[in-house]
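Okay, structure first, notes after.
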Amino acid sequence: MNREDFAILNEQVYGKPLVYFDNAATTQKPQQVINAMVYAYTHFNANIHRGVHHLSQVATAKHEEAREYVATFLGAASAKEIIFTKGTTDSLNMLAFSFGEACIHEGDEIIVSQLEHHSNIVPWQMLCERKKAVLRVIPLRDNQTLDIEAYKALLSDKTKLVSVAHVSNVLGIINPVKEIIQIAHEKGIPVAIDGAQAAPHLTVNLRDLDCDFFVCSAHKMYGPTGLGILYGKEKWLNILPPAEGGGEMIEHVRFEKTTYNVLPYKFEAGTPNFIGSYVFGEALHYIEKIGREKIEKAETELCEYAEQQLKQLKEVKIYAEGQKKAGAISFNVYHNGKLIHPFDIGTLLDRQGIAVRTGHHCAEPLIDYLGVPGTVRISFALYNTKEEIDVFLNALKKAIMMLE
């Protein structure tokens, strides 16, 4: 599917054609996106919002057009609800600080899940330490899905926020976030969704989800690095204080008191990544041109095919086997009941041109729960094929034979 748009897929690794299965970490960029970056720097590189000259006006218009398009793409009610950040991690840190300043007090509780990436754990831990609040964790069932009954039991008058991943970056599991949101809202509790792994693979409609906050990264969606999104319902963004101070986020600055700008600029201190926002808009146009439903269908087929084939290998243990996944599968290899370290598998695959991710995937609590030092993760994008999966499987079989 449109592989010719991705020149990097023609690279050779150790004399072998590249098979890139590390898309959950970052996706490759189509030529349309690369061209957009060159075009932006060539034709309208000027600081935005502050200039009266032509280049500044053009750059400002492109930046705000990108914001409008992101809002449409994600189904936000207004572009004012879209804040540009450096990425998912930055978005969650901003949210933790701002929400914490306004809404968290000693003894309050914040709920996350056992599946979370560190970026959806550590900022909340830091907040809890500052405010003497308590972090609660939704446990997993034996099949590695979230225990919704246990989640319901965790909710109380002390719960001030629930923050969970839409899709697990390790297991690829699609969490029942709509149900999680509805349950929390019945008790008047806001919900933040880490959409870093969902936005590239699923059609996200924020008004339909009804989450209060949502975060994602451009570089996982065929866009540039160093750019992310923090979505917040307008009612919440009006309540929360800015996380950073400086230019653009102000209305008036006096030594006695500073007043803040209107949304979304209240949360965007300093010169934003206006080149990145424009390029991200081009990436989203690229996705829409292909069709999100078509991409989701193709990636689901790849996941199902890969899992079916992996199941045929007696040495392989698949995590969350049989669960519906979005773009990623984690597994480990055993020989005579003994775990072969995932790093060794990843290294031998790399020598055969296969790029996978190994380790704890920035989700140590989950890996500890699984009782392993890490996993091997394969993750897919719109340009991957079943033929590549077959190449990967043959390479994996060779790696297993070498390590026996």
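Quick caveat, the model's predicted, so the values are computed rather than measured.
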Evaluate the side-chain proximity of Y231 to I193: yes if any heavy-atom separation is below 4.5 Å, no if none is.
-> no
Stacked cation flag R292 on F73, 6.0 angstrom / 45 deg = yes
Does L284 reach the side chain of M221, with side-chain heavy atoms less than 4.5 Å apart?
-> yes
In this structure, which one of F84, Y278, F274 forms a ring pair (Phe, Tyr, Trp, His ring centres under 6.0 Å) with H63?
-> F84
Check whether any side-chain heavy atom of L227 lies under 4.5 Å from a side-chain heavy atom of H219, and answer yes or no.
-> no
Pair D208 + K178, salt bridge at N-O below 4.0 Å = yes
Taking the six-membered ring for Trp and the full ring for Phe, Tyr or His, determine whether the centres of H54 and F44 are under 6.0 Å apart.
-> no
Of the options I229, D194, I83, T85, which is the one that meets V215 in a side chain to side chain contact (heavy atoms under 4.5 Å, CB included)?
-> D194
So which of I345, N332, L366, I329 actually passes side chain to side chain contact (heavy atoms under 4.5 Å, CB included) with T375?
-> N332
Between D108 and K158, is there a side-chain N and carboxylate O pair less than 4.0 Å apart?
-> no
Classify the ring geometry between W236 and F213 as parallel (under 30°), tilted (30 to 60°) or perpendicular (over 60°).
-> tilted
So among Y305, F21, F392, which one has a ring pair (Phe, Tyr, Trp, His ring centres under 6.0 Å) with F380?
-> F21
Please state whether the rings of Y383 and Y20 are parallel, tilted or perpendicular, taking 30° and 60° as the class boundaries.
-> tilted
Basic-acidic side-chain contact under 4.0 Å: D157, K187 = no
